[in-house]
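Throughout, numbering of the chain's residues begins at 1 and tracks the sequence. Quick caveat, the model's predicted, so the values are computed rather than measured. Numbering of ligands and ligand atoms starts at 1, following listing order.
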Amino acid sequence: MTDLTTTLPAVPVPALVPGSSVRPRPTGPRGPADAVWSARARPDAADGEVTVAGLRLSDLAERFGTPLYVLDEGEFRDRCRAYRRALPQAHVAYAGKAFLSRAVAAWVREEGLHLDVCSLGELEVAAAAGFPAERMILHGNAKTPDELRAALRFGVGRIVLDNVAEVARLAALVPAHDRQAVLIRVIPGVEAGAHKAIRTGTADQKFGLSIEHGAAEDAIARVLDQPRLELVGLHCHLGSQITSVRPFLAALPRMAALAARVRDRHGVVLPELDLGGGHGIAYRSGEHALDPAEFADDVMRHLVRAYAAVGLPGPQLIVEPGRALIGPAGVAVYRVLVVKRTGDRTFVAVDGGMNDNPRPALYGARPELRLIGRAGARTTRTVTVVGRFCEAGDILAPDVELPDDVRPGDLLAAPAAGAYQMAMASTYNMVGRPPVVAVRDGRARVIVRRETTADLLARDVPLGD
Ligand SMILES: *Cc1c(COP(=O)(O)O)cnc(C)c1O
């Protein structure tokens with residue numbers, strides 16, 4: 001089983017900056033950044049109930065049905081604020097692909113963050129929430145012509161170029177006498193991230209332009225040749241679910257060295273550096289998260305030194321956390337439909353599964369599931385919690401300790417469910433996707449309603465008779 005807390009060692013993490021050091025992780029009591037439940041959740045009541053923002057999850061399950069996604073607005077906003085406090089000089093961009101809706105885009109806008117979008121859909125949802133286009137950053141390894149045109153029409157602040165073809169393609173769409181600010185996504189050659197599918201800092205994956213193989217410098221030269229493009233900086237994104245600051249620090253001298261070559265070759269000083277996202281969270285009790293304050297401290301120190309070492313001023317830093325802002329704000333609630341013994345195993349089947357949370361099947365992720373709504377027997381047994389979809393791989397967690405008397409009708413809840421679950425949800429087996437209910441100060445409101453069969457039929461075109 002993949003250990004999702006492990007950050008693979010970066011390519012031999014080099015002496016970062018002479019004389020500097022990475023502070024060892026504090027041991028002892030876990031900090032708030034490592035919490036699995038949101039700060040407004042009360043997960044330890046004697047009756048087995050969990051409340052979030054003053055609301056009982058079992059009441060929410062009654063009211064809105066299951067499966068259900070509950071999103072703690074206060075937790076999301078607190079996390080936005082923690083990042084802005086930790087990095088007052090940086091731009092913090094929420095990576096909307098982790099989960100986006102108009103309500104979430106409005107919270108991001110109100111909290112003063114920037115927003116990463118990577119499709120026309122994300123761009124339009126954000127725009128529909130009144131999100132200012134100049135605070136948007138458009139990403140994508142294969143942006144469509146429609147997406148590029150829309151980004152220009154809306155006035156998106158930054159477009160991150162990911163390949164050479166895009167340079168001329170974008171330049172041709174920019175109106176005469178206009179200039180579009182762009183960053184170039186490069187591959188710094190630093191390996192980080194919890195699973196192969198989400199490691200993006202090395203040359204054997206599809207994102208970005210390799211520094212090592214010269215592709216980055218070639219693209220930079222082409223961008224500088226385009227009068228309608230304004231190259232404002234470099235971007236890298238090392239991977240996801242990174243729980244140590246070391247890979248980020250390892251990338252800094254490589255980015256600084258590239259910025260110095262751009263200055264030497266073209267006489268251009270690039271004012272911005274976007275270090276991407278990938279800040280890891282704790283999915284299960286005892287796991288560690290990347291602490292934003294610690295990240296900020298170490299990165300700011302090393303950034304200034306790495307750039308000073310090549311005779312450049314410290315650039316404007318941009319960071320793009322997705323999961324770290326929204327993951328811990330979400331809780332998934334399922335109802336148990338079946339408890340079945342097969343051989344030595346006990347399967348507990350719930351009314352959701354790989355459709356609303358494909359992460360276990362994709363990455364071997366293991367959500368922490370617990371019985372809620374009643375105390376349950378004191379004795380426990382190890383069960384396999386499975387979904388209801390027609391794949392043997394639809395396993396939410398293979399080894400969950402649940403009270404011995406777990407039975408149909410019970411509710412199970414999984415914390416840290418806010419990122420890359422509903423955003424990746426599918427309608428496999430023609431089952432509509434669950435609703436997302438935002439909670440705040442004892443009040444609940446639906447921000448994405450449950451998908452019905454009527455929704456599915458609405459895009460199904462019948463044969464004429
Ligand atoms: C996905 C992504 C992020 C956010 O990743 P998280 O793991 O959610 O922090 C940030 N930047 C880019 C370019 C991304 O593709």
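- Under a 4.0 Å criterion applied to the non-hydrogen atoms of His235, ligand 1 contributes the atoms 13 (C).
- An N or O contact shorter than 3.5 Å links Lys97 to ligand 1 by distance.
- Checked by atom type and distance alone, the side chain of Asp178 never pairs as donor or acceptor with a backbone atom of Pro175 at under 3.5 Å.
- Of all the atoms in ligand 1, the ones that sit under 4.0 Å from a non-hydrogen atom of Arg323 are 6 (P), 7 (O), 8 (O), 9 (O).
- At a 4.0 Å heavy-atom cut-off, ligand 1 touches Ala95 through the side chain alone.
- Between the side chain of Arg169 and the backbone N or O of Pro145 there is no donor-acceptor pair closer than 3.5 Å.
- Counting the atoms of ligand 1 from 1 in the order shown, those under 4.0 Å from a heavy atom of Asp116 are 10 (C), 11 (N).
- Under the 6.0 Å distance and 45° angle rule, Arg359 counts as a cation-pi partner of Tyr283.
- Close N/O approach between Arg185 and ligand 1 is not found [any backbone or side-chain N/O within under 3.5 Å].
- Arg254 places a side-chain N or O within 3.5 Å of a backbone atom of Pro188 that can act as its donor or acceptor partner.
- Heavy-atom contacts of Glu320 reach the following atoms of ligand 1: 3 (C), 4 (C), 9 (O), 10 (C), 11 (N), 12 (C), 13 (C) (cutoff under 4.0 Å).
- Under a 4.0 Å criterion applied to the non-hydrogen atoms of His279, ligand 1 contributes the atoms 9 (O).
- In terms of polar-atom proximity, Gly322 is counted as a contact of ligand 1, with an N or O under 3.5 Å from an N or O of the ligand.
- If you look at His139 and His235, their ring centroids are closer than 6.0 Å.
- Under 4.0 Å from ligand 1, the heavy atoms of His139 that appear belong solely to its side chain.
- When side chains are defined from C-beta on, Val350 does not count as touching Arg388, because their heavy atoms never get closer than 4.5 Å.
- Remark: the backbone N or O of Val156 is not paired with any side-chain donor or acceptor of Arg135 at under 3.5 angstrom.
- With hydrogens and angles ignored, the 3.5 Å screen pairs no side-chain donor or acceptor of Gln226 with any backbone N or O of Arg222.
- Numbered from 1 in the order shown, with element, the atoms of ligand 1 that lie under 4.0 Å from a heavy atom of Ser240 read 5 (O), 6 (P), 7 (O).
- For the residue pair Tyr69/Asp356, the side-chain donor-acceptor check at 3.5 Å is satisfied.
- Of all atoms in ligand 1, numbered sequentially from 1 with element shown, those under 4.0 Å from a heavy atom of Gly278 are 5 (O), 6 (P), 7 (O), 9 (O).
- Contacts between Tyr420 and ligand 1, counted as non-hydrogen atom pairs separated by less than 4.0 Å, involve the side chain only.
- Inclusion of Gly276 in the set of residues having an N or O under 3.5 Å from an N or O of ligand 1 is not warranted.
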